Amino acid sequence: MIAIPLQAQFNVPLPLASGAVLDAYELAYETYGTLNAAKSNAVLICHALNASHHVAGIYAGQSDSEGWWDSMIGPGKSVDTNQFFVIGVNNLGSCFGSTGPLSMNPATHLPYGADFPLVTVEDWVDSQAQLLDFLGIETVAAVMGGSLGGMQALCWSYRYPQRIRHAIVIAAAPNLSAQNIAFNEVARQAIMTDPDFHDGHFAQHHTLPKNGLAVARMIGHITYISDDQMESKFGRELRDGKKFSFAPEFQIESYLRYQGEKFSQYYDANTYLRVTKALDYFDPAAQYDGDLAVALSPASAKFLVISFTTDWRFSPTRSREMVKALLDEKKAVTYTEIDAPHGHDAFLLNHPQYHAVVRTYFTHQVQP
Amino acid sequence: MITRADFAAIASWIPEGARVLDLGCGDGSLLAYLGETRGVSGYGIENDERAILRCIENGVNVLQVNLESGMAEIADQSFDIVILSQTLQAMKRTEAVVADMLRVGREAIVTFPNFGYWKHRTQIALGGRMPVSDDLPYQWYNTPNIHLFTIADFEAFCAARHYQVLNRSVFTGGVEQKLLPNLLGTLALYRFTNAANAIRSGGTA
């Protein structure tokens with residue numbers, strides 16, 4: 001399946017939760033499959049921290065350019081693009097084509113950089129609703145996402161209850177724990193204390209806070225993998241014996257450095273700060289004295305909630321909090337806890353029971 | 001074996017549109033049936049991966065939770081009826097599970113294979129072997145049934161806890177068994193509650 005990146009331009013101002021207003025913005029998106037005549041078969045995919053609108057398929061002539069959820073979405077796959085019109089969208093503030101810190105600030109004709117406003121999950125969902133309007137879609141069959149993407153699917157369910165028939169919330173949480181915010185803060189500090197960061201205006205100084213970004217990514221990676229998985233993948237294995245140096249000697253060190261280095265070459269530091277902050281701020285229950293059930297009460301979608309047993313970043317307990325709130329509000333909900341060894345990253349992987357749950361749900365419960 | 005006759009008996013005890021929780025719901029066929037015939041708003045609890053997929057196929061809300069520990073998250077008195085079908089004999093914490101059913105639900109329905117069925121008695125008394133039948137199809141060494149009991153045992157269990165039995169049906173091979181149920185019946189169905197719940201629901205139970 002060949003994917004084609006598209007851009008949608010919006011000239012209606014978007015008020016943000018911070019109080020700032022984006023007068024005009026663009027969203028990068030891709031679509032797979034065909035919108036049916038009734039325009040009822042759309043499925044919106046929301047991405048997590050570092051992904052993009054390139055959800056499935058490959059770009060023409062680039063054989064190793066699979067979308068980040070290509071194992072899940074495509075012709076004949078669990079989310080079958082022969083049945084559904086799947087939309088991938090890049091979130092505002094990202095660095096892959098939608099308006100964000102790398103974009104030109106119309107006021108200064110320079111890249112926004114540190115001046116790009118902070119965005120929230122609610123802001124993303126509002127802009128995604130604008131994209132649906134742009135595509136002429138009133139109601140989607142489903143909004144689906146993992147991790148931070150799952151938070152967006154949850155947010156859709158109560159923010160636009162009439163526009164979504166199913167919310168598929170995978171490896172997510174109704175808010176971040178203090179421990180999770182702590183990980184994000186360490187990552188942000190790694191970036192902000194990098195001498196090349198220049199308070200976010202590094203572009204004007206022709207530098208990139210690569211070291212800070214790399215460390216931020218290393219911290220993230222540790223939390224995406226389970227202890228057991230890290231042990232079985234790397235253990236205490238050394239690359240070339242002990243050298244009594246601080247060069248990467250253990251395989252896990254070299255793996256983390258490689259991941260950090262790779263990430264720092266394609267990801268924007270200002271985006272990383274904003275996306276982690278959006279994660280930290282998300283807390284729909286906060287304005288209802290912490291009562292998540294009240295926050296979710298407007299929802300009319302059916303819910304599929306999926307967690308993974310070894311996910312300690314967004315543990316099954318956090319998913320069960322959402323399930324409990326939905327039960328208290330008498331919402332239709334199916335919940336599965338997938339027995340997978342991989343930790344948080346399992347939501348991106350091709351686990352047979354996980355994919356069977358999604359496939360069965362789409363085949364039998366989601367009407368195109 | 002659960003049959004349509006048993007489903008019909010259970011359905012006849014459930015008010016239209018009730019909120020029903022089915023513990024150990026298997027493939028969800030009972031909940032699907034209660035949805036069709038009584039318009040219930042139902043949820044199933046199941047921990048078997050394949051059964052969960054069948055529930056999703058059947059359009060049933062299913063929650064993958066371990067029954068022995070997972071009911072704690074369900075609010076008190078949040079269901080009209082909690083069903084435990086053909087599972088009580090396989091629970092470790094039998095008493096606690098039944099008490100929890102009446103905590104989260106106003107009423108409970110329990111179905112179980114009657115160990116007192118005459119063929120089971122004969123297999124033990126005359127054959128000297130643990131009974132194996134359509135309703136108890138396992139050998140002693142591979143059975144999930146760790147708490148086998150009879151209709152008389154269950155009635156004593158309810159009486160000792162002051163549970164009020166609201167209905168009882170006994171079946172043999174899908175046909176209702178009115179005569180000598182503890183001797184001739186293979187499957188027992190009970191609807192019961194406790195005094196506190198009965199008062200809460202205005203004594204209409």
Side-chain angles (χ1 to χ4, degrees), chain A residues 78-79 142 165-171 174 291-294 299-309 311 315-340 351-367, chain B residues 15-29 31-32 34-36 39-82 100-101 103-106:
Chain A
S78 297
V79 181
R165 302 204 300 276
H166 294 268
I168 301 172
V169 180
I170 303 170
D291 192 335
L292 184 62
V294 178
S300 56
K302 293 180 80 174
F303 288 80
L304 172 62
V305 179
I306 301 175
S307 70
F308 299 91
T309 50
D311 182 351
S315 73
T317 313
R318 306 308 318 276
S319 283
R320 288 206 296 265
E321 281 175 41
M322 294 186 272
V323 172
K324 179 178 170 30
L326 293 168
L327 271 180
D328 288 350
E329 285 298 313
K330 305 177 170 33
K331 308 295 185 196
V333 54
T334 282
Y335 171 62
T336 68
E337 211 165 284
I338 304 295
D339 187 8
H351 183 285
Q353 174 71 7
Y354 166 40
H355 278 222
V357 164
V358 173
R359 178 186 292 273
T360 309
Y361 192 82
F362 268 92
T363 307
H364 294 275
Q365 299 212 15
V366 185
Q367 299 297 318
Chain B
E16 194 74 31
R19 234 169 108 68
V20 176
L21 181 68
D22 185 359
L23 306 177
C25 66
D27 65 6
S29 54
L31 278 175
L34 295 175
E36 282 161 28
V40 303
S41 139
Y43 299 82
I45 287 186
E46 182 53 64
N47 205 13
D48 179 80
E49 291 187 345
R50 282 159 69 179
I52 285 163
L53 296 177
R54 300 291 86 76
C55 287
I56 297 172
E57 271 177 29
N58 285 325
V60 165
N61 295 316
V62 61
L63 310 175
Q64 184 170 14
V65 175
N66 181 347
L67 260 192
E68 305 258 8
S69 60
M71 264 205 288
E73 289 163 17
I74 300 174
D76 292 0
Q77 298 294 296
S78 54
F79 285 90
D80 297 314
I81 300 196
V82 181
D100 228 14
M101 290 174 76
R103 177 185 67 78
V104 304
R106 216 159 40 80

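Bear in mind that the values here come from a model prediction, so they are computed numbers and not experimental data. Naming convention: chains lettered A, B, ... in sequence-line order (proteins, then strands); numbering from 1 in each chain.
Note that CD of B:Gln64 and OG1 of A:Thr334 are 11.0 Å apart. Values are rounded to the nearest 0.5 Å. Atom OG1 of A:Thr336 is separated from atom CD of B:Glu49 by 9.0 Å, given to the nearest 0.5 angstrom. The distance from the CD atom of A:Gln365 to the CD1 atom of B:Ile56 is 7.0 Å, given to the nearest 0.5 Å. Here B:Asn61 contributes atom CG and A:Lys330 contributes atom NZ; the two are 13.5 Å apart, rounded to the nearest 0.5 Å.
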A:Glu337 vs B:Val65, side-chain contact (heavy atoms from CB on, under 4.5 Å): CA-CA, chis, key distance, verdict: CA-CA 8 Å; A:Glu337 211 165 284; B:Val65 175; 5.9 Å; no
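In this structure, the portions of B:Leu63 lying under 4.5 Å from any heavy atom of chain A include both its backbone and its side chain. If you measure heavy-atom distances from B:Arg54 to chain A, you find no contacts under 4.5 Å at all.
At least one side-chain heavy atom of B:Leu53 sits less than 4.5 Å from a side-chain heavy atom of A:Gln353. A 4.5 Å side-chain heavy-atom check between B:Tyr43 and A:Val333 finds at least one atom pair inside the cut-off.
Among the candidates A:Phe303, A:Tyr335, A:Tyr361, the residue making the largest number of heavy-atom pairs closer than 4.5 Å to chain B is A:Tyr335.
Of the charged side-chain nitrogens involved, none lies within less than 4.0 Å of a carboxylate oxygen, so that A:Lys324 and B:Glu73 do not count as a salt-bridged pair.
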